[in-house]
Amino acid sequence: MKMVCRISGVLISLLFFSLLKGSEQGPHERRLINDLLRDYNVMERPVANESEPLLLSFGLTLQQLIDVDEKNQIVTSNLWLNLDEKNEQLVTNLWLTLEWVDVNLRWNVSQYGGIRDIRIAPKYIWKPDVLMYNSADERIDSTFPTNVVVQHNGSCSYIPPGIFKSTCKIDITWFPFDDQKCVMKFGSWTYDGNALDLLLPSEEADLSTYIDNGEWDLRGFPGVRNLIYYTCCPEPYVDITFTLHIRRRTLYYGFNLIIPCVLISSMALLGFALPPDSGEKLTLGVTILLSLTVFMLQLAQNMPPTSDAVSIIGTYFACTMVMVAFSVVMTVVVLNYHHRNSDTHEMPQCIKSLFLVWLPWILRMSRPSRKMKEKRVLFNKKMKELELKERSSRSLLANVLEIDDDFRTAYSTPGYLHVPSNDDSSAIHSCITTQRELSSITRELRFITNHLRDEDGANEIIGEWKFAAMVIDRVCLIMFTIFTMVSTFLCLFSAPHLSA
């Protein structure tokens with residue numbers, strides 16, 4: 001009994017090792033590949049009936065959005081093309097998935113040691129010539145030629161990865177609050193729809209392994225099958241078009257472009273609150289204008305040189321620059337008005353009515369009346385004192401002249417020449433001297449009075465010009481504040497979205 005058990009164990013072991021030897025894959029796979037490729041023609045379209053099209057299932061897997069070059073309008077992507085038999089540039093990382101059935105690559109599993117699938121280099125078998133129509137790459141086809149997985153029933157699966165550069169029409173109207181839709185068109189380059197029919201297994205690309213991009217937010221990647229008749233050929237051509245819908249993230253541009261521009265434009269308003277005598281009023285405006293020019297150049301470096309549209313932030317920058325430039329012009333006008341005097345300019349009546357009466361009344365502005373009243377009171381007192389002195393001097397002079405006349409009448413006889421004595425001569429001489437002194441004093445008093453009147457009138461004119469400059473400053477401050485607020489709200493809040 002023990003001997004029978006030992007013999008049975010040996011037989012089972014021999015049977016087991018014989019089965020292991022029969023399942024070795026090396027010779028069987030070599031023989032299978034040799035048999036499949038012995039009479040295989042890579043130029044032959046692998047169909048059982050030449051009148052029927054070869055069905056090709058086309059899919060796409062998006063791995064990463066690498067770059068969106070707005071200036072050159074090119075998109076770079078990392079794609080995996082799934083083939084079951086991919087300067088405005090978009091750079092993406094994609095996998096293409098191509099699947100088809102090759103009738104010339106079928107075998108019986110039992111005749112080849114149970115082998116159900118093999119891997120064959122794509123250059124040894126027929127492969128569909130599917131390309132990206134709108135490719136911006138120098139090689140056109142930027143996929144890596146991976147092996148084709150062939151099943152025993154002839155089903156072929158080809159999944160080449162690649163970094164794809166595709167052209168993309170960039171619409172900068174709402175930059176940096178914009179959405180972009182970049183089209184990727186795939187199709188056979190030589191086979192028409194009667195020879196190769198592309199099928200779309202899913203209406204959306206595979207996004208399960210997508211890596212988020214820091215600048216763009218992916219909104220969708222739908223695909224559609226198109227049947228197009230070209231003017232060159234009467235046969236229809238089939239293509240699969242995927243539309244990459246992305247939205248720009250605005251945080252970077254908000255902190256580096258929008259907020260600095262708003263702050264700089266707000267600083268331009270401070271120039272109208274700066275006193276003209278400080279000497280930095282015009283310098284501040286020119287410095288702000290140069291700062292905006294630097295930001296404008298930075299913006300222009302990221303924009304494509306196109307005249308189709310102007311970005312919303314470019315419009316905002318242009319409005320701000322116009323406002324700042326006009327503020328510089330108005331600053332020059334204010335300084336010109338502030339430094340005018342009575343010797344060079346005389347204020348016209350229309351300007352006096354506008355800037356000294358109506359605009360101050362509308363803006364609720366008033367001149368420093370207390371100081372003006374004090375000056376007028378002092379001036380009136382001085383004038384009254386001068387008038388009193390002038391009257392007293394005149395009365396004194398009149399009395400002296402009257403005394404002199406009486407003296408002449410008393411000591412003179414008609415028809416006789418009167419010879420004055422020494423006492424009379426000294427009295428007459430003293431009277432004449434007093435008269436001359438009083439006359440010179442009167443002339444000096446009149447000169448001083450006229451000079452004070454002229455000086456006060458000149459100061460009055462200078463004060464009017466300075467007040468007119470102050471009114472212009474206030475008007476510009478209000479107008480430019482309103483313009484800055486309105487332009488900021490219109491440009492920013494008219495965008496389709498403010499954040500992504």
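In this chain, numbering begins with 1 at the start of the sequence shown.
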With sequence neighbours excluded, residues passing side chain to side chain donor-acceptor pair (under 3.5 Å) with [X]:
X      : result
Asp277 : His338
Tyr252 : none
Asn341 : Thr344
His245 : Asp179

Heavy-atom count check: over 12 atoms from other residues, nucleotides or ligands less than 6.0 Å from [X] [atom1]?
X      : atom1 : result
Lys181 : NZ    : no
Tyr230 : OH    : yes
Arg225 : CZ    : yes
Met365 : CE    : yes

Subject >> Which residues share a ring pair (Phe, Tyr, Trp, His ring centres under 6.0 Å) with Trp189, sequence neighbours left out >> reply: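 Trp189: ring pair (Phe, Tyr, Trp, His ring centres under 6.0 Å) contacts with Tyr133.
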Original post:
ring pair (Phe, Tyr, Trp, His ring centres under 6.0 Å) with Phe144: which residues, sequence neighbours excluded?
Top reply: none
Original post:
Do Met347 and Trp465 have side chains that get closer than 4.5 Å, going by heavy atoms?
Top reply: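 With C-beta onward as the side chain, the pair touches.
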Subject >> Summary of ring-ring contact (aromatic ring centres under 6.0 Å, His included) pairs that have at least one residue in residues 280-305, sequence neighbours excluded >> reply: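 Every pair satisfying ring-ring contact (aromatic ring centres under 6.0 Å, His included) with a residue in residues 280-305: there are none.
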**OP:** Mind jotting down which residue pairs meet the ring-ring contact (aromatic ring centres under 6.0 Å, His included) criterion with at least one end in residues 258-292? Sequence neighbours excluded, please.
**Re:** Phe272-Phe480
Original post:
Please, which pairs that meet salt bridge (charged side-chain N to carboxylate O under 4.0 Å, His left out) have at least one residue in residues 479-490, sequence neighbours excluded?
Top reply: none
Original post:
With sequence neighbours left out, which residue pairs that include part of residues 33-45 fulfil the salt bridge (charged side-chain N to carboxylate O under 4.0 Å, His left out) condition?
Top reply: Asp35-Arg38
Considering only distance and modelled atom types, tabulate donor-acceptor pairs under 3.5 Å from the side chains of residues 488-496, sequence neighbours left out.
from   : atom 1 : to     : atom 2 : distance (Å)
Thr488 : OG1    : Tyr316 : OH     : 3.0
Thr488 : OG1    : Thr484 : O      : 2.7
Ser494 : OG     : Leu490 : O      : 2.5
Ser494 : OG     : Cys491 : O      : 3.3

Is [X] reaching over with its side chain to a backbone N or O of [Y], donor-acceptor style, under 3.5 angstrom?
X      : Y      : answer
Thr250 : Pro176 : no
Asn34  : Arg30  : yes
Asn134 : Val183 : yes

[X] versus [Y], closest heavy-atom pair with distance:
X      : Y      : result
Ala136 : Thr167 : CB-CG2, 3.9 Å
Ile313 : Leu257 : CD1-CB, 4.0 Å
Leu354 : Pro360 : O-CD, 3.9 Å
Thr190 : Tyr237 : O-OH, 4.1 Å
Leu270 : Leu284 : C-CD2, 4.3 Å

Just checking, is any N or O donor in the side chain of [X] or [Y] under 3.5 Å from an acceptor N or O on the other one?
X      : Y      : answer
Ser110 : Asn108 : yes
Asp129 : Ser188 : yes
Tyr253 : Glu215 : yes
Asn336 : Arg340 : yes
Tyr40  : Asp102 : yes
Thr241 : Asn226 : yes
Ser135 : Asp137 : no

**OP:** Would you list the pairs meeting side chain to side chain donor-acceptor pair (under 3.5 Å) in which at least one residue belongs to residues 279-298, sequence neighbours left out?
**Re:** Lys281-Asp473
Original post:
Going through the distances and angles, do Asp217 and Arg247 end up as a salt bridge (Lys or Arg N to Asp or Glu O under 4.0 Å)?
Top reply: CA-CA 5 Å; Asp217 179 42; Arg247 175 174 292 178; over 6 Å; no
